[in-house]
Amino acid sequence: MEVLRVDRANLRPSAAASSSAQQEVATKIKQTHSLTVLLKRCSEQLLAEYVRHQGEPFSSANFQPPAMTVPGLPSPPVSLEAWLALSDGERLWHLAVAYAALPGLLGAVQQQQDDLNPLASELHRQLDAAARQCRGLAVNLEGLMGALGVPGPPSPAPNLGSPPPNAFLAKLRGYHVCRLHRDWAARSHDALVRLTTKYPL
Amino acid sequence: MITFLFLWLCLPLVEPLAYPAVITPQDPTLVIGSSLTATCSVNSDLHLKAGDLYWTLNGRRLPPESYKVLNGTTLSVTLANLNGSRQQSGDNLVCHSRDGSILAGSCLYVGLPPEKPVNITCWSKNMKDLTCKWAPGTEGETYLHTNYTLKYKLRWYGRDNTCQEYRTAGQYSCHIPKDLALLTPYGHARSPLYPGPLMHLCSVTSSLLTVTTDPPADVTVSRVGDLEDQLSGRRFLFQAKYQIQYRVEDSSEWKVVDDVGNQTSCRLAGLRPGTVYFVQVRCNPFGIYGSKKAGIWSDWSNPTAASPPR
């Protein structure tokens, strides 16, 4: 099989690339795109379910949380214009960083919600599903980046920070994780939509 | 999609202070109807004064009449006659600065202390192990999680054992895998999660050997000889006394035969020929380990139908 020669800046395969390799890439992109569609929908539902169980003011439409850095997970770090100006490879790289951290963070939220809302079985189910979906997306991204010749980020040192010292901060931390999960899901969906147009099946 | 992405521009870009303010008490557990005075102390780096602060409870602003300035950076609020918590994760008591931003929060857990569990009953199918069930004392009105502990001891030895296998037969049950010999099960209810005035033990003791059995199986009803108006029932069980009830097919009125004793067969007389009857049997064990105490009547067996010949 011919090696796919990749222009790193633009990820356009060279003319010598075999079409079967291109098909493989296009298939991986389509699969990953489907997963981001799922994640985008589920992450919205998760945030809604989460705030419902924490009570007001979390569940109010104009909730303004104090900003909080979630350890190990940068807020989508660049402005919209800057994100769109990134190359496909760079976007995938940022996504890989996020999805390496999200499963652990969602797991920590699940543990805290075990204490705070032990009877909220639907919330627990969704948190569990979200962590699994993020792990799935991380694997997909790794495969896709490999096929495109984009180097992946180094494995992050697990860094969940210390557990929140009280219930209110636990609710707040969980809110930020769920909202970031939603925001990153939207970003990943956007990135994969762009790739599907560039690599149609 | 574009509108969605615009959300990111609104994320605050300012790095927050780790703890801009501190509320005391943090995450208290309280009884419904009690009062609470909480304080919010702002970090002096913030250059906020106590008069710049306000409180909300579950998103609703609390009246300024309930506030008190304790010092330059500390504001208290007094809540009277607290209602039960609106959600299990606790009511959100939040300290805000004048512009509405959240400085700190404390979750209030308001509920009722648990009541003693009731109706402790135990049963065994093989006289080797025991399953006990109980009903919770309080119904609703509290989100506070209640832990139940079932303890038992040998009547004459007095050493406590704690049941380990909970929820084997429903939420309020426990399985004791030991020889039955004269066990006295009794139960505790305790409300934990956050230590506080609601954590106390209450205990209720059940009586010895309130045992029952499964309803009799294989109840057969057969016609007896040539006699037109009799039915016989056969049941299998040991050491038990029995009761039979029967009714005509199209009636809901059961007739009970009480003095069956410990016979495993019984003749029902005075029945109408050609009429379909439903018959049920139940049993009550006695004389277990020499105890003179009666047990509890089992459930009725499945109805068996038969009719005396015309």
Side-chain angles (χ1 to χ4, degrees), chain A residues 40 44 50-69 74-84 112-120 123 161-162 164-172 174-176 179-180 182-187 189-191 193-194, chain B residues 1-29 46 55-61 85-97 99-109 143-147 171 192-194:
Chain A
K40 193 169 165 201
E44 294 269 12
Y50 180 85
V51 297
R52 194 164 75 81
H53 286 285
Q54 312 314 311
E56 303 262 6
F58 294 90
S59 51
S60 89
N62 52 5
F63 176 47
Q64 303 232 320
M68 187 191 243
T69 42
S75 210
V78 294
S79 68
L80 176 59
E81 290 91 352
W83 172 259
L84 295 176
Q112 279 139 32
Q113 290 300 310
D114 271 339
D115 275 336
L116 287 169
N117 285 298
L119 302 179
L123 174 62
S162 49
N166 61 55
F168 188 79
L169 284 173
K171 289 187 181 185
L172 197 56
Y175 171 83
H176 278 288
R179 198 174 76 174
L180 282 171
R182 182 200 65 184
D183 294 347
W184 277 107
R187 261 204 197 185
H189 179 250
D190 165 72
V193 163
R194 289 173 195 288
Chain B
M1 197 190 344
I2 300 293
T3 27
F4 204 81
L5 295 176
F6 271 128
L7 271 175
W8 296 323
L9 295 176
C10 302
L11 276 179
L13 301 172
V14 176
E15 189 62 49
L17 280 173
Y19 300 120
V22 171
I23 294 182
T24 327
Q26 195 63 242
D27 307 342
T29 304
L46 286 183
W55 293 89
T56 60
L57 180 65
N58 288 329
R60 282 186 60 197
R61 194 157 179 154
S85 281
R86 219 189 268 181
Q87 54 268 341
Q88 180 160 43
S89 54
D91 296 318
N92 300 310
L93 178 65
V94 179
C95 175
H96 301 256
S97 69
D99 65 0
S101 51
I102 292 173
L103 301 173
S106 176
C107 295
L108 312 183
Y109 299 90
Y143 274 115
L144 302 176
H145 176 65
T146 305
N147 261 353
Q171 193 185 351
L193 246 196
Y194 294 94

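Below, chains carry the letters A, B, ... as their sequence lines are ordered, and counting in each starts from 1. What's counted below: heavy atoms across the whole structure, side chains too, no hydrogens, waters or symmetry copies.
- Between chain B and the options Q54(A), H53(A), Q113(A), E56(A), heavy-atom pairs under 4.5 Å are most frequent for E56(A).
- The two residues N92(B) and K171(A) have their closest heavy-atom pair at OD1-NZ, 2.7 Å.
- For the atom pair R52(A) CZ and Q87(B) CD, the distance stands at 11.0 Å (nearest 0.5 Å).
- Atom-to-atom distance recorded for C107(B):SG and L169(A):CG is 9.0 Å, nearest 0.5 angstrom.
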Practice task
Please step through side chain to side chain contact (heavy atoms under 4.5 Å, CB included) for the pair S106(B) and F168(A), ending with a clear verdict.
Solution key: CA-CA 6 Å; S106(B) 176; F168(A) 188 79; 5.8 Å; no
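- The closest donor-acceptor contact from the side chain of N166(A) to the backbone of Q26(B) lies at 3.5 Å or more, if one exists at all.
- Atoms CZ and CD1, from F58(A) and I102(B) in turn, are 6.5 Å apart once rounded to the nearest 0.5 Å.
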